[in-house]
Amino acid sequence: MTTIFTCIAGFIANQAIVKSNEAAKVKISLVAENDLGYLYAALIVLKIGQFLMASNAGNTRKYAKIHPPDQHVYQVKGAEGSKLGYVLMDYDGANGRFNRAQRAILNYQEIYPQTLAYILASGFVYPKEVFVLTTMFAILRVVSALGYTASVERRLMGFLGSNLVVSIMEVLVGIIAYKTIFV
């Protein structure tokens with residue numbers, strides 16, 4: 001569905017907005033002259049990473065036979081016959097893989113707004129480098145999502161690396177702030 005919408009939206013945007021917009025051509029030239037095309041490409045890379053993780057979760061949803069609006073599968077735990085039981089997400093089999101795939105998307109969404117801010121702020125000054133960092137982030141988050149889907153232990157493969165990448169962008173923002181305020 002996303003691919004179909006993207007194709008339709010691309011056609012509409014090109015025909016109705018981009019094609020004969022002379023003012024936009026000047027701005028696009030400005031973006032090109034300042035090497036900021038990478039900044040815009042970085043945003044698309046972020047979306048592709050999100051799409052791949054959502055596809056992974058959708059695939060596991062099918063095998064777990066969990067239909068919307070349900071986002072997780074739970075198990076009742078606790079002492080047999082006790083009224084003090086508690087509920088945990090199911091972590092075995094198809095249900096467990098589905099729950100972990102869903103959780104991987106939530107892990108991504110939890111840091112998405114801040115990551116986007118770092119991309120925009122640091123990418124204005126370092127567009128090519130931030131494009132590379134954003135690509136690394138998206139790939140590592142997909143690796144993390146696929147690993148997490150397979151097992152809890154495998155989620156850290158891409159998770160820690162992606163957090164390091166975000167930290168690099170965060171430091172770039174700090175450096176830019178320092179250089180523009182104090183130097």
Side-chain angles (χ1 to χ4, degrees), residues 1-10 39-123 130-174:
M1 186 73 77
T2 300
T3 306
I4 294 169
F5 282 160
T6 301
C7 291
I8 293 169
L39 181 58
Y40 290 83
L43 296 173
I44 300 303
V45 168
L46 257 175
K47 176 61 180 179
I48 291 169
Q50 182 181 16
F51 173 76
L52 293 173
M53 287 184 277
S55 296
N56 175 55
N59 191 42
T60 61
R61 177 186 287 277
K62 177 176 67 175
Y63 290 106
K65 297 183 173 105
I66 307 302
H67 304 289
D70 292 318
Q71 297 301 309
H72 300 287
V73 180
Y74 297 93
Q75 290 181 327
V76 176
K77 297 284 188 175
E80 290 296 321
S82 169
K83 293 182 180 181
L84 302 175
Y86 54 96
V87 177
L88 294 176
M89 281 196 282
D90 191 355
Y91 54 86
D92 293 323
N95 289 348
R97 286 188 296 278
F98 169 73
N99 281 337
R100 291 188 301 275
Q102 286 292 95
R103 186 65 198 126
I105 292 173
L106 294 173
N107 284 339
Y108 176 79
Q109 291 171 343
E110 288 164 1
I111 68 163
Y112 183 86
Q114 192 68 37
T115 301
L116 181 58
Y118 293 151
I119 289 168
L120 295 173
S122 62
V130 170
F131 172 75
V132 170
L133 289 168
T134 303
T135 301
M136 291 171 56
F137 171 79
I139 290 169
L140 288 166
R141 278 297 168 135
V142 170
V143 167
S144 177
L146 296 175
Y148 200 2
T149 300
S151 74
V152 173
E153 296 77 21
R154 291 181 53 194
R155 92 179 171 107
L156 293 180
M157 291 186 320
F159 186 78
L160 295 176
S162 69
N163 287 348
L164 176 62
V165 170
V166 172
S167 294
I168 292 169
M169 288 188 276
E170 180 180 43
V171 168
L172 287 174
V173 169

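- Asn95 contributes atom CG, which lies 12.5 Å from atom NE2 of His72 (distance to the nearest 0.5 angstrom).
- Distance check: Tyr91 OH to Arg97 CZ gives 14.5 Å after rounding to the nearest 0.5 Å.
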Side chain to side chain contact (heavy atoms under 4.5 Å, CB included) evaluation trace for Phe137 with Ile119 | CA-CA 11 Å; Phe137 171 79; Ile119 289 168; 5.8 Å; no
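- Between Thr60 and Ala101 the shortest heavy-atom distance is OG1-CB, 3.4 Å.
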Can you list the steps and then say if Asn59 with Lys62 is a side chain to side chain contact (heavy atoms under 4.5 Å, CB included)?
-> CA-CA 5 Å; Asn59 191 42; Lys62 177 176 67 175; 3.7 Å; yes
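- Dense packing is recorded around OH of Tyr112, with more than 12 heavy atoms of other residues, nucleotides or ligands lying under 6.0 Å away.
- Rounding to the nearest 0.5 Å gives a distance of 12.0 Å between CG of Leu156 and CZ of Arg154.
- Between Leu39 and Leu43, the closest side-chain pair of non-hydrogen atoms is not below 4.5 Å.
- Between the Asp90 side chain and the Gln75 main chain, no donor and acceptor come within less than 3.5 Å of each other.
- Heavy atoms only, all atoms of each residue included: Phe98 and Ala57 are closest at CD1-O, 3.9 Å.
- Remark: Ser167 OG to Leu133 CG distance equals 11.0 Å, nearest 0.5 Å.
- Here the closest heavy-atom approach between residue Met157 and residue Gly147 is recorded as CE-CA, 4.2 Å.
- The minimum heavy-atom distance linking Arg155 with Asn107 is given by the pair NH1-ND2, 3.6 Å.
- In this structure, Met53 and Ala145 approach most closely via the heavy-atom pair CG-CB, 3.5 Å.
- Shown here for Thr134 and Val45, the closest heavy-atom pair between the two residues is O-CG1, 3.8 Å.
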How far apart are the C-alpha atoms of Arg141 and Asn163, what are their side-chain angles, what is the distance that settles it, and do they pass the side-chain hydrogen bond (donor to acceptor under 3.5 Å, both in side chains) test?
-> CA-CA 9 Å; Arg141 278 297 168 135; Asn163 287 348; 2.8 Å; yes
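- Panel note: side chain Ser144, backbone Leu140; no donor-acceptor pair is recorded below 3.5 Å.
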List the steps, then state whether side chain to side chain contact (heavy atoms under 4.5 Å, CB included) holds for Leu46 with Tyr108.
-> CA-CA 10 Å; Leu46 257 175; Tyr108 176 79; 3.1 Å; yes
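- Met136 places none of its side-chain heavy atoms less than 4.5 Å from the side chain of Ile168.
- Residue Tyr118 holds its OH atom at 10.0 Å from CD1 of Ile111, rounded to the nearest 0.5 Å.
- Residues meeting the salt bridge (Lys or Arg N to Asp or Glu O under 4.0 Å) test with Glu110, sequence neighbours left out: Arg103.
- No side-chain heavy atom of Met89 sits under 4.5 Å from any side-chain heavy atom of Arg100.
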